[in-house]
Amino acid sequence: MTPIPTPFAERLGIAQPIFGFSHSIDVTVAICNAGGLGVYGIAHDPPEAIPAKLAEIRRRVGKRPFGCDIMMPMGMPEGETLESVRADLPPEHVAFMESIRDKYRIPAPTRKTFFNSILRTPTYFEGQLEALLASDVDLVAFGIGLTADAVERLHARGKIVGALIGSPRHFEAFRPLGLDFIVAQGSEAGGHTGTIGTLVLVPEIVEMADEMPVLAAGGIGHGSQIAGAIAMGAQGAWLGTSWLSTHEHAGGDHAIGERLLEKLIEAGSGDTAVTRGSSGKPQRQIVSDWTATWAAPGAPKPLKMPFQHALVGDVLTAIDEFGIEPMIHSPAGQGVTWTRRRQSVAELIETLVRQTHDGLARAARYAGSGGHGR
Ligand SMILES: Cc1cc2nc3c(=O)[nH]c(=O)nc-3n(C[C@H](O)[C@H](O)[C@H](O)COP(=O)(O)O)c2cc1C
């Protein structure tokens, strides 16, 4: 594969400026080994589980760089437990969850997962951050929540530090922190997302960021979009949804089962919706009865993050555990339309790189055709 050597890719020593966010270790490793940069999302991992996971990634990628993504939503009072927060949830919300359980005959989960066993207090985040500081991870990205103190401490350990943003306002807030890169994530993205489209946000942030490398994210699942992002001044693309359908995602802690895979393959660009029902913050997901339930008239207003998470954790765990068909869902972006079959990460990256080269060549041909303005 011919490399696409943007300055940021060269600085990192990667052949392809394709950054892949994933909660799967196997996917993260495969992205690195195929020439991109895998970014492992630690949001679901308690601090004590992180060192072994990062050591495994390092062992499997060797000297190749890899990244981690951390989310540090504020607002959970220190000293609370999941039980104490659950005991104080508004009765209207608890009753609503009961009605969902009854309607879909959702049993109580037997599994303990991130959704139903973890309360994200400041101590939890500090533990996660310390695990990153103690590790040899090369790059750290912040999904939600970022402090000057965290950036300083990561820089002191030689980490390359960046953040995901969804608006120029976020960029202004982060500008004084001295970040090494920024991910401009448009509304089309899977997961937590804003309202500004990728095509608008990327050049706007490139202009504001000056010398700071910008990566484009949100709805990207075809290399022509990566070519477009590069033409807009981005130094790479950051993808999340595309990896869900890979062979590497079929196993492990966050395995994508057959029914969810079918839904992803069937979905077109119009089959996602933004809901606050899962976390309290707007999150783009593939449409399901879960998204419809929270959008229906009479549904209560979701609670703030992370209280909503305490409310819905058991039900989300049970939907997965028992495969409650109409409720099965996953965060996914509008680029899910490019998800057409299960394939390996290496195959996917090869296709994306080929399409990127094609797109860049096409643009160069058009630009060289002398047809401007006609
Ligand atoms: C299943 C899934 C889980 C995600 N979880 C996180 C997360 O924990 N932290 C984060 O910063 N971004 C998360 N994201 C967002 C990705 O980092 C990325 O910005 C986004 O997926 C890009 O848009 P795309 O999905 O259209 O490729 C998630 C995305 C998906 C699809």
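All figures in this text were calculated on a predicted structure; none of them were measured in a lab. Positions are given from 1 along the sequence. Order of appearance sets the numbers: ligands from 1, and atoms from 1 within every ligand.
Ligand 1 has an N or O atom lying under 3.5 Å from an N or O atom of Gln185, backbone or side chain. For the pair Gly190 and ligand 1, the shortest N or O to N or O distance falls below 3.5 Å.
Remark: Arg342 engages Glu258 in a salt bridge, criterion side-chain N to carboxylate O under 4.0 Å. Using a cut-off of 4.0 Å between Lys/Arg side-chain N and Asp/Glu carboxylate O, Asp138 and Arg58 are scored as salt-bridged. Remark: Glu172 does not engage Arg169 in a salt bridge, criterion side-chain N to carboxylate O under 4.0 Å.
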Using a 3.5 Å cut-off and no angle test, enumerate the donor-acceptor pairs between side-chain atoms of residues 41-51 and protein atoms at least two apart in sequence or in another chain.
residue, atom, partner, partner atom, Å
Asp45, OD1, Lys53, NZ, 3.0
Asp45, OD2, Tyr40, OH, 2.6

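Between Phe8 and Phe19, the ring planes are parallel. Angles under 30° get that label, and only those over 60° would be called perpendicular. In this pair, His170 and Phe174 present their aromatic rings parallel. The plane angle is below 30°, not in the 30 to 60° band.
The protein non-hydrogen atom at the shortest distance from atom 2 (C) of ligand 1 is Pro331 CB, 3.7 Å. Atom 23 (O) of ligand 1 has its closest protein heavy atom at Ala189 CB, 3.2 Å. Looking only at heavy atoms of the protein, atom 26 (O) of ligand 1 is closest to Gly219 N, 2.7 Å. Given atom 27 (O) of ligand 1, the protein heavy atom at minimum distance is Gly240 N, 2.8 Å.
Residue contacts with ligand 1 for Val183 are absent, since no atom lies close enough (heavy atoms, distance under 4.0 Å). At a heavy-atom distance under 4.0 Å, atoms from both the backbone and the side chain of Thr241 approach ligand 1. Contacts between His192 and ligand 1, counted as non-hydrogen atom pairs separated by less than 4.0 Å, are absent for every part of the residue.
Using a 4.0 Å cut-off to heavy atoms of Leu164, the atoms of ligand 1 that qualify are 11 (O), 17 (O), 19 (O). Listed by number with element, the atoms of ligand 1 under 4.0 angstrom from any heavy atom of Gly218 are 22 (C), 23 (O), 26 (O). Of all atoms in ligand 1, listed by their number and element, those nearer than 4.0 Å to a heavy atom of Gly143 are 11 (O).
Heavy-atom distances between His23 and ligand 1 reach below 4.0 Å in at least one pair. Using a 4.0 Å cutoff on heavy atoms, Ser242 does not count as a contact of ligand 1.
When the heavy atoms of Leu239, Thr193, Asp69 are ranked by distance to atom 11 (O) of ligand 1, first place goes to Asp69. Between the choices Trp238, Tyr40, Phe21, the shortest heavy-atom distance to atom 4 (C) of ligand 1 belongs to Phe21.
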### Candidate pair Arg362 and Asp358, rule salt bridge (charged side-chain N to carboxylate O under 4.0 Å, His left out), full reasoning
CA-CA 6 Å; Arg362 190 164 45 234; Asp358 287 351; 6.0 Å; no
### Task
Would you please test Glu266 and Lys263 for salt bridge (charged side-chain N to carboxylate O under 4.0 Å, His left out) and show each step?
CA-CA 5 Å; Glu266 280 161 18; Lys263 285 192 179 187; over 6 Å; no
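You'll find the ring centres of His222 and Trp338 inside the 6.0 Å limit.
Looking at every heavy atom in both residues, Glu321 comes nearest to Arg111 through OE1-N, 3.1 Å.
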